[in-house]
Amino acid sequence: MNLNITSNKSRTYDAIVVGSGISGGWAAKELCEAGLKTLVLERGREVKHIEDYPTAMYNPWDMPHHGRIPLAEQEKDPIVKRCYAYDEATSHFFVKDHEHPYVQEKPFDWIRGYQVGGKSLIWARQTQRWSDFEFEGPARDGFAVDWPIRYKDLAPWYSKVEKFVGISGNKDGIDSLPDGEFLPPWELNCLEKHIQQRVKQSYLDRQVIIGRCAHLTQPKEIHLKQGRGQCQARHLCYRGCPYGGYFSSNSSTLPWAAKTGNLTLRPHSVVHSIIYDEKKQKASGVRIIDTQTKEMTEFYAKIIFVNAACLNTNLILLNSTSNRFPNGLGNDNGILGKYVAFHNYRGAGGGTYEGFDKEYYLGRRPTTAFMPSFRNLRKQEADFLRGYMVAFSAYRTGWNRNIHSDAFGSDFKRESTEVGPWGVFIMMQGETVPQEQNHVRLSTEHKDAWGIPQLITSVGYNEPNDTKMVQDFHHQASEILEKSGIKDIFMYDTKQSPGLDIHEMGGVRMGKDPKTSMLNAHNQLHHCKNVFVTDGAAMTSVGNQNPSLTFMALTARAVNFAVSELKKKNL
Ligand SMILES: Cc1cc2nc3c(=O)[nH]c(=O)nc-3n(C[C@H](O)[C@H](O)[C@H](O)COP(=O)(O)OP(=O)(O)OC[C@H]3O[C@@H](n4cnc5c(N)ncnc54)[C@H](O)[C@@H]3O)c2cc1C
Ligand code: SF4
């Protein structure tokens, strides 16, 4: 018995964080800085900053397939191959479909990164604040439930996160895309500036800005203290950046947490479920399966942060059953797993531009131009709900394009060294409306390699709303390009499945009323107060902005609350 007590003690911490990705890294940093002995449980392998980025400095000819994924592997993993960032230099940071199957009741491309750092290694680093146009969206338009917080509740936490992460951007003074704590912005190129001018002349409600992104354009002391340096504009980020030029958990929050001496990071630990103590009426810890020994072990803590990324967080809570919670932890109202939403990326297009022949640009800028949402913003003006952000970039065709031409010998050489005309690519990032039928649940038939039920995804477009939004984007984007003098304009519907946006959110939504939501205004489970969910699962609606900055701000805010509740002995 004594031995057991000692053993339990050695597995007891002040706090447990499930997942070491973008949000889990923030939970770890904040908890450790607050003095809590914190255990981070990560299902994947360790990825150490710099030393575990094997391909970071590769040239195309250093790789057997010059960066491409061989056909046989593409056939084996048909889902992940659809992700634009998945290639020979980055594939080791992506989950292979055949190793981690799930059940698609409706087509859903679930793109995952199972390793220390999660998807923070492979994200595209675009970071925009939400505004009250998003927080007030559900109440205004009558969908989902009202958010229990507003922009003012999150604004100081956005600032805190931005200063530490390092966000480059311009103070544009746009109320639907609030300014943040910015490092110097990247620059629009000449054609993008031209489009910016034309948009300004043609529309009162639209602005073109340079993308705000998690890149150190001019590191400050806080970034140098993290051991990170200036971004070199190489845009090879998805391989891991040895300069620490972009934000990842691996380069930033996790080493920072480790420096406090309060962090224990345990890779190879798949969290199976959260343990509910019926007597104490709170969670006492988690069960994990060690992927190397296959053994199940329990770890204990006063508070638990679940940051396994949206769908895995849903899975863990659904799998956390007890006498008190037979349908999943905190799931008295039966909405756990429901109201999953995502971003509508189906609209895309482009064109070419005659002119600026002598104009070039330097380096590979790791962001694009954006137009903050302008549709249905101040009033309902279209026959679909909500709006979309527009992203576009202008580039010189040539270097790549000519290599694929029919030219041969000296013609081929000449063509390969000459730049072609300017091209423009434009795309949408639209808000979808959470629907009860868009849900995930556990399979009763299929289990994963560790005996955990597989997830069933039943998430689809909300028609006709989502298609109408695509059509509107096509119309508006064509008009914008036309007014900017762009020729050969084309528009298309990618028809991609939900999930490929990699912005899945919901299932454990926040709300004011325990009858209709899972979490309160502090991301605390209404019915199990010492469990916090601060990743995308917590989102009541999805806005049109890239979401990760909001996950980080929600996390920092929730940790602050949890620590103060602990001090007051409320948890
Ligand atoms: C190609 C690409 C481009 C993107 N671009 C952007 C962008 O520009 N802007 C933006 O805001 N977002 C972007 N995203 C999305 C962004 O990566 C996610 O929103 C973000 O990483 C979510 O953070 P998270 O902490 O919830 O999850 P993750 O970063 O995925 O971390 C979750 C962690 O939990 C671990 N885990 C899962 N299940 C368990 C378990 N049972 N037990 C233990 N550990 C577990 C995982 O292994 C992982 O390490 C992009 C993603 C990709 C792949
Ligand atoms: S663009 Fe910047 S962040 Fe990306 S790999 Fe290059 S130096 Fe690193």
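All ligand and atom numbering here is 1-based and tracks the order in the structure.
Between Asp87 and Met63, the closest side-chain pair of non-hydrogen atoms is not below 4.5 Å. Tyr158 is not listed as a side-chain neighbour of Arg557, based on a closest heavy-atom distance of 4.5 Å or more. Annotation: side chain of Tyr361 is in contact with side chain of Arg396 (closest heavy-atom distance under 4.5 Å). A 4.5 Å side-chain heavy-atom check between Arg239 and Thr90 finds at least one atom pair inside the cut-off. A heavy-atom distance below 4.5 Å is not found between the side chains of Trp26 and Phe551. Counting only heavy atoms from C-beta outward, the side chains of Ile79 and Tyr86 never approach each other to under 4.5 Å. A 4.5 Å side-chain heavy-atom check between Tyr246 and Cys213 finds every atom pair outside the cut-off. Two residues are said to be in side-chain contact when any heavy atoms from C-beta on lie closer than 4.5 Å; Arg228 and Leu216 meet this criterion.
In terms of protein heavy-atom proximity, atom 53 (C) of ligand 1 is nearest to Ile502 CD1, 3.5 Å. Of the protein's non-hydrogen atoms, the one nearest atom 31 (O) of ligand 1 is Gly21 CA, 3.2 Å. In terms of protein heavy-atom proximity, atom 27 (O) of ligand 1 is closest to Ala309 CB, 3.2 Å. Nearest to atom 40 (C) of ligand 1 among the protein's heavy atoms is Val271 N, 3.6 Å. Remark: minimum distance from atom 37 (C) of ligand 1 to any protein heavy atom is reached at Ala308 O, 3.3 Å. If you check which protein heavy atom lies closest to atom 24 (P) of ligand 1, you get Ser23 OG, 3.6 Å. Scanning the protein heavy atoms around atom 2 (C) of ligand 1, the nearest turns out to be Ile122 O, 3.2 Å. For atom 35 (C) of ligand 1, the closest non-hydrogen atom of the protein is Glu42 OE1, 3.4 Å.
For ligand 1, the polar-atom distance check finds no N/O of Val18 at less than 3.5 Å from any of the ligand's N/O atoms. By the 3.5 Å distance cut-off applied to N or O atoms, Tyr114 is not counted among the residues near ligand 1. An N or O contact shorter than 3.5 Å is missing between Trp123 and ligand 1 by distance. Residue Tyr84 has no nitrogen or oxygen atom sitting less than 3.5 Å from a nitrogen or oxygen atom of ligand 1, judged on distance alone. Residue Asp535 places no N or O, backbone or side chain, under 3.5 Å from any N or O of ligand 1. Residue Tyr238 places no N or O, backbone or side chain, under 3.5 Å from any N or O of ligand 1. Distances between N or O atoms of Ile22 and those of ligand 1 include at least one value under 3.5 Å. Between Ala124 and ligand 1, an N or O atom pair is found at a separation short of 3.5 Å.
Listed by number with element, the atoms of ligand 1 under 4.0 angstrom from any heavy atom of Gly113 are 46 (C), 47 (O), 48 (C), 49 (O). Near Leu41, with a cut-off below 4.0 Å to any heavy atom, the atoms of ligand 1 are 43 (C), 44 (N). Interface atoms of ligand 1 facing Val270, defined by a heavy-atom separation under 4.0 Å, are 41 (N), 42 (N). The ligand atoms of ligand 1 that sit less than 4.0 angstrom from a heavy atom of Ser269 are 42 (N), 43 (C). Within the listing of ligand 1, atoms 7 (C), 8 (O), 9 (N), 10 (C), 11 (O) sit less than 4.0 angstrom from a heavy atom of Gln126.
Only protein N, O or S atoms were considered, and those under 2.8 Å from atom 2 (Fe) of ligand 2 are Cys231 SG.
Qualifying ring-ring contact (aromatic ring centres under 6.0 Å, His included) partners for Phe370, counting only residues two or more places apart in sequence or in other chains: none. Residues forming a salt bridge (charged side-chain N to carboxylate O under 4.0 Å, His left out) with Glu187 (at least two apart in sequence, or on another chain): Lys193. When the side chain to side chain contact (heavy atoms under 4.5 Å, CB included) test is applied to His446, the partners found at least two apart in sequence or on another chain are Val103, Ser443, Gln454.
For the pair Asn59 (side chain) and Asp62 (backbone), a donor-acceptor distance under 3.5 Å is absent. With hydrogens and angles disregarded, no donor-acceptor distance shorter than 3.5 Å links the side chain of Asn307 to the backbone of Gly19.
In this comparison of Arg112, Lys119, Arg43, Arg266, the heavy atom closest to atom 29 (O) of ligand 1 sits on Lys119. Of the candidates Gly24, Ser548, Gly19, it is Ser548 that places a heavy atom closest to atom 18 (C) of ligand 1.
Rounded to the nearest 0.5 Å, atoms CE (Met518) and CE (Met510) are 13.0 Å apart.
Looking at every heavy atom in both residues, Asn250 comes nearest to His49 through O-CB, 3.4 Å.
Looking at His503 against ligand 1, only its side chain comes within 4.0 Å, counting heavy atoms. Contacts with ligand 1 closer than 4.0 Å are made by heavy atoms of both the backbone and the side chain of Asn546. When non-hydrogen atoms are compared, ligand 1 lies under 4.0 Å from neither the backbone nor the side chain of Ser249. At a heavy-atom distance under 4.0 Å, no atom of Ile288 approaches ligand 1.
Between Lys81 and Asp97 there is no salt bridge, since no side-chain nitrogen of the basic residue lies less than 4.0 Å from a carboxylate oxygen of the acidic one.
Counted by atom type alone, His343 and Asn544 present zero donor-acceptor pairs between their side chains at under 3.5 Å. Side-chain contact of Ser517 with Arg509: a donor-acceptor pair under 3.5 Å is absent, judged by distance alone. Side-chain N/O atoms of Thr368 and Ser393 include no donor and acceptor closer than 3.5 Å.
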